[in-house]
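Just so you know, these numbers use all the heavy atoms, side chains as well, and skip hydrogens, waters and symmetry mates.
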Amino acid sequence: MSTFAWLKGHGTENDFVILPDPDGSVHGELDASVVRFLCDRHAGLGADGVLRVIRGDKQSYVEDGGDWFMDYRNADGSIAEMCGNGVRVFVKYLAEAGLIDGKPVRIGTRAGIKEVAQNDDGTLTADMGEPKLPAAAGIVVEANGHQWPAVSVDMGNPHAVAFVDDLAEPGNLCDQPGWSPAEAFPEGVNVEFVVRRGPHDVQMRVHERGAGETRSCGTGTCAVTVAAARQARDELPVTYRVGVPGGEVSVTWRADNHLELTGPAVLHARGEFDRSWLPGI
């Protein structure tokens, strides 16, 4: 019987299947149908995405794979550049598996190197890099028969941030909200809907490209912090508390223009999967 190991983990209830594959030899080129099956909450293990764990020098996706490379796939099997909650869960796995020490670790992603540190209180802090503010103007997002102006923020993956009066207004976010102009996001977009709860305190919901509505989105919390701080004309550095359906995180926009994301990461299940159960095997 041919099997492979898996784990389950989450960061503020944004959950992932973790596939240890240090030498990149267990899964080869990860098939989209396998990812969809593993993420299926009825037929598979259930998750918002898959984190494949490969040594940085054993991957061939990017030039600099860091100490370890996070090969991240959305629940629909598509490739994603980066995942802020996922990278914390990824490092949590590396630490519990004894693959890293207590020092900050360089994690390779398709959006570049992200340095992640383990904190004494059990949280993890990821340097998410600098936000990009594309020149696109006049962006509008649409959901549940409503429209809102939105701010475009690129955190290695694209985001459209809309401020609303009530988080119930967008309705069901399982389906992708619409946006215009269409050319603003040719490869799709993560859409965040945000309400202010006080100074430097916001609450959000999110539709993640390739996953639907999720309980949290790490890069999304960073995009929301950028949009909120710019709207409030905050001086840097500034720290925002960002509430999500699955909990809360802290995002600091530093004076050097980098964003730091701090939040929890939990591993809660592990096992083995029989390859004969996978589609197409």
Does anything in [range] form a ring-ring contact (aromatic ring centres under 6.0 Å, His included)? List the pairs, not counting sequence neighbours.
range            : value
residues 218-245 : His200-Tyr240
residues 47-66   : Tyr61-Phe69
residues 112-155 : His146-Trp148, Trp148-Phe193

**Complete:** Across all chains, not counting sequence neighbours, the side chain to side chain contact (heavy atoms under 4.5 Å, CB included) partners of His42 are Asp40
**Prompt:** Hey, which of Tyr93, Trp6, Phe90 is the one that makes side-chain contact (heavy atoms from CB on, under 4.5 Å) with Ile18?
**Reply:** Tyr93
**Item:** Leu7, Leu38, Asp15 screened by side-chain contact (heavy atoms from CB on, under 4.5 Å) with Leu45, the one that passes
**Value:** Leu38
If we ignore hydrogens and angles and just use 3.5 Å, is the side chain of [X] paired with the main-chain N or O of [Y] as donor and acceptor?
X      : Y      : value
Arg215 : Pro245 : yes
Arg88  : Thr123 : no
Lys114 : Gly84  : no
Asn172 : Cys174 : yes
Gln176 : Val189 : yes
Asn190 : Pro158 : yes
Arg52  : Asp71  : no
Arg209 : Asn74  : no
Glu187 : Asn157 : no
Asp21  : His27  : yes

**Asked** If you measure from the Lys or Arg side-chain nitrogens to the Asp or Glu carboxylate oxygens, is any gap between Asp67 and Lys103 under 4.0 Å?
**Response** no
**Asked** Is the shortest side-chain N to carboxylate O distance from Arg73 to Glu29 below 4.0 Å?
**Response** yes
Which heavy atom of [X] sits nearest a heavy atom of [Y], and at what distance?
X      : Y      : value
Gly77  : Val35  : CA-CG1, 3.8 Å
Val141 : Ala162 : CG2-CB, 3.8 Å
Pro170 : Arg205 : CD-NH1, 4.2 Å
Gly263 : Val249 : CA-CG1, 4.3 Å
Glu81  : Gly156 : CB-O, 3.1 Å
Pro131 : Val153 : CB-CG1, 4.2 Å

Does [X] share a hydrophobic cluster with [Y], counting links as ILVMFWY side-chain heavy atoms below 4.5 Å and allowing steps through other members?
X      : Y      : value
Leu267 : Ile107 : yes
Val161 : Leu173 : no
Val191 : Met204 : no
Val26  : Leu99  : no
Met82  : Tyr72  : yes

Can you tell me how far the [atom1] atom of [X] sits from the [atom2] atom of [Y], to the nearest 0.5 Å?
X      : Y      : atom1 : atom2 : result
Asn85  : Thr221 : CG    : OG1   : 6.5 Å
Phe163 : Gln231 : CZ    : CD    : 4.5 Å
Asp256 : Asp127 : CG    : CG    : 7.5 Å
Ser216 : Glu248 : OG    : CD    : 11.0 Å
Glu260 : Arg254 : CD    : CZ    : 4.5 Å
Leu19  : Leu51  : CG    : CG    : 8.5 Å

Are any non-hydrogen side-chain atoms of [X] and [Y] less than 4.5 angstrom apart?
X      : Y      : answer
Trp179 : Glu142 : no
Val17  : Lys8   : yes
Val164 : Val195 : yes
Lys92  : Val266 : no
Thr12  : Pro264 : yes

**Prompt:** Just checking, is any N or O donor in the side chain of Thr214 or Asp48 under 3.5 Å from an acceptor N or O on the other one?
**Reply:** no
**Asked** Does CZ in Arg230 sit with more than 12 non-hydrogen atoms of other residues, nucleotides or ligands closer than 6.0 Å?
**Response** no
**Other residues, nucleotides, ligands: >12 heavy atoms within 6.0 Å of Arg41 CZ** =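 Result for CZ/Arg41: enclosed.
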**Asked** So which residues get pulled into Ile79's cluster when ILVMFWY side chains under 4.5 Å apart are joined, directly or through others?
**Response** none
**Message:** If you apply the rule side-chain contact (heavy atoms from CB on, under 4.5 Å), what do you find for Val206 with Val244, and how did you get there?
**Reply:** CA-CA 9 Å; Val206 59; Val244 294; over 6 Å; no
**Message:** Could you work out, with ring pair (Phe, Tyr, Trp, His ring centres under 6.0 Å) as the rule, every residue matching Phe37, not counting sequence neighbours?
**Reply:**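 Only Phe273 meet the ring pair (Phe, Tyr, Trp, His ring centres under 6.0 Å) criterion with Phe37.
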**Asked** Which is it for Asp201 and Arg196 under the side-chain contact (heavy atoms from CB on, under 4.5 Å) test, yes or no, and what are the steps along the way?
**Response** CA-CA 6 Å; Asp201 188 352; Arg196 286 189 179 273; over 6 Å; no
**Request:** Please lay out, stage by stage, how Thr252 and Thr125 fare under the test side-chain contact (heavy atoms from CB on, under 4.5 Å).
**Result:** CA-CA 10 Å; Thr252 297; Thr125 297; over 6 Å; no
**Request:** Verify side-chain contact (heavy atoms from CB on, under 4.5 Å) between Phe16 and His10, making sure each step is shown before the conclusion.
**Result:** CA-CA 6 Å; Phe16 309 95; His10 74 88; 5.5 Å; no
